[in-house]
Amino acid sequence: MRISKFATSMIALAVTTAFSAQAADDRYIVKVDESKKGVVKALAKKLGADFKVDGNGFFAAKFEGKSLEDVKGLLNNPHVQLVEADERRYATSLYSDDAGNAMTEQLTPYAVYQSQVNQVNFNASAGMKVCVIDSGLDRSNPDFVWNNITGDNDSGTGNWDAHGGPHGTHVAGTIGAADNNIGVVGMAPGVDMHIIKVFNADGWGYSSDLAHAADKCTAAGANIISMSLGGGGANSTEENAFKAFTQAGGLVVAAAGNDGNSVRSYPAGYSSVMMVGANDNNNNIADFSQFPSCKSGKGKNATTDETICVEITAGGVDTLSTYPAGMATSASMKADGQAFASSAMENAGSASGNTYYMGTAEATDSGANGNICVIDRGNISFHDKVQNCENSGGIGAIIINNEAGMLYGTLGDTNATSIPAVGAAFEDRTALMAASTAEVTIGTSDYGFMSGTSMATPAVSGIAALVWSNHNGCTGTEIRDALKATALDSGAAGHDVYFGHGIAQAKAANDYLTANGCGGGVTPPPAGDITLDANGYRSKGKNKVDLSWSGASTSSVDIYRNGSLRTTTSNDGAYTDSFRTYGSFTYKVCDQGTDNCSSEVTVNF
């Protein structure tokens, strides 16, 4: 598998599970009373602060050699509300295999069909705008409606329309590439986008950058924030920024992460953010897609919260999308004049001629002279196969996979061959073996493949924009709920930590909202014989609600919060809910699995 230089710099999603006393790069976020920010900044400057971000109600600065406790002590001021570490955030692209050729015709990525996007029309007059927080969108790619795209420049990361690697351009294409007969088509073709470039040349930024970016998204009039990025460690300033965007009616979508483990990544791990996992084109979960638990707290206070784990998935394996011009490598292959999918292995150029089957090409064969070598994978390296073809006089090579799927590979760091070589899928072996002529071409392209939850996230963002454009009276939370209610159940039956509710389905969500309205037509279980009391209060920086009930008849009860199942717990008459979010919270207790429930009780924070 070829891994690009850009992807290699971001292949690991840096996760920190314990809070560090020394922040990354000595950067800290200082939350202040906005009206007194100048006073605090003046104090910080005297203490050696190197200011990095000036946000709404906070600033981020570097204090060289200072620990968190040092900075807290130095800024012991009544106008300082909070000092916390400024966490790093990384792009979440796992790998990119430069293959595909969309330079002369429009290709439809598999996720468009898989998620029913081709069955729903995008309403361009609905006022949808997606704010993409990433590495920038390169203006060199022609597959965008540029009049519909704006952005914010940044002194640290540069102009928003000059790429910082292909990641941001690839993400934006999945969301909104134009339906224009070239390249690819996005989930919401031509949708308005606002681009905020937060990644530096090394492929990462900070949590303060994201908090500030959320404010910029709001100022730009965005409905949706899409973030194909993440990192370890929750950050309250960052969390509050996305919570405010959601509470104002927006939708925030972020990547689960690519380490293939159960670690919770942020900002996806905040309740106000919809966490997205990745699946492949066979409806299987991607092996790299992270799967954090939906449980929080310990012991009696342990709760289940489906908003802190994967909620939905979309196609994120070998996803074809836009690249900065000429930055991808394309491969094309024909056999007897029929086009077949292929992957670029090595050596730019074109070759056409008669085919010659070389088996596994473990030795030279004079029969290959002047021909395109058709070779089976196995026994020796790809490089040696192509070398034997070339040494036999072969002018091009097609290496066929020996297992299901496309063959992706390179010819190694010491490639000594010069003829164009492409990979082919095992499923096409019979046709390729039967062909008498073939053409292979390897060249540069404006389109290429990447894999990661980074690729699934813009798919969900674009699907949300598509569905929302036909129901623009809904809130972002209502769109989020509709996507979950109609997702294609995959993996284990029902909700699970890998797929969440399942694979996003645009038509099903659109039909659901048409039939039921923005509220989804969900009727909570009616009141029954159970009585419920609720007492809300603050404790140790958290909101807590003590629930007490009587009259339940089953050994366990279902506790609903705001119409969604919060947890199933023992019928001992008491339960304490704990969380950090604010607003109105309506509770109901029901006999497990039945509609015998208490009346609703509401608490406010």
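Nothing fancy with the numbering, it's 1 onward along the sequence.
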Arg566 meets the salt bridge (charged side-chain N to carboxylate O under 4.0 Å, His left out) criterion, sequence neighbours left out, with Asp305, Asp577
By salt bridge (charged side-chain N to carboxylate O under 4.0 Å, His left out), Asp558 pairs with (sequence neighbours left out) none
Across all chains, not counting sequence neighbours, the ring pair (Phe, Tyr, Trp, His ring centres under 6.0 Å) partners of Tyr266 are Tyr270
Test of understanding: with side-chain hydrogen bond (donor to acceptor under 3.5 Å, both in side chains), list the residues that count as partners of [X], not counting sequence neighbours.
X	answer
His194	Thr150, Asp152
Thr322	none
Trp549	Asn571

For Tyr587 and Leu532 the tightest heavy-atom approach is O-CD2, 3.8 Å
Correct closest heavy-atom pair for Gln290 and Ala256 would be NE2-O, 3.4 Å
Show the atom names and distances, to 0.1 Å, of all donor-acceptor pairs under 3.5 Å that link a side chain in residues 38-45 to residues at least two apart or in another chain.
residue	atom	partner	partner atom	Å
Lys41	NZ	Asp54	OD2	3.2

Would you be so kind as to tabulate the donor-acceptor pairs closer than 3.5 Å made by side chains of residues 213-222, with sequence neighbours excluded?
residue	atom	partner	partner atom	Å
Thr218	OG1	Ala214	O	3.2

The criterion is side-chain contact (heavy atoms from CB on, under 4.5 Å); which residues satisfy it with [X], sequence neighbours excluded?
X	value
Asn148	Val145, Asp192
Thr586	Asn562, Glu600, Thr602
Ala509	Val467, Leu483, Thr486

If we only count heavy atoms from C-beta on, is the [X] to [Y] side-chain gap below 4.5 Å?
X	Y	answer
Ser236	Leu82	yes
Asn235	Pro267	no
Lys197	Asp134	no

Using the ring of each side chain (for Trp, its six-membered ring), is Phe291 parallel, tilted or perpendicular to Tyr498, with breaks at 30° and 60°?
tilted
**Message:** Does either side chain, that of Glu84 or that of Thr237, offer a donor lying less than 3.5 Å from an acceptor on the other one?
**Reply:** yes
**OP:** Would you kindly say whether Thr169 and Asp138 are connected by a side-chain donor-acceptor distance under 3.5 Å?
**Re:** no
The complete set of ring-ring contact (aromatic ring centres under 6.0 Å, His included) pairs with one or both residues in residues 32-57, sequence neighbours excluded, reads Phe51-Phe59
When you check the gap from the basic side-chain N to the acidic O, do Lys62 and Asp50 get nearer than 4.0 Å? no
When rounded to the nearest 0.5 Å, the distance separating CG of Leu137 from CD1 of Ile175 is 10.0 Å
Paired with Lys484, the side chain to side chain donor-acceptor pair (under 3.5 Å) test is passed by just one of His501, Glu311, Glu306, namely Glu311
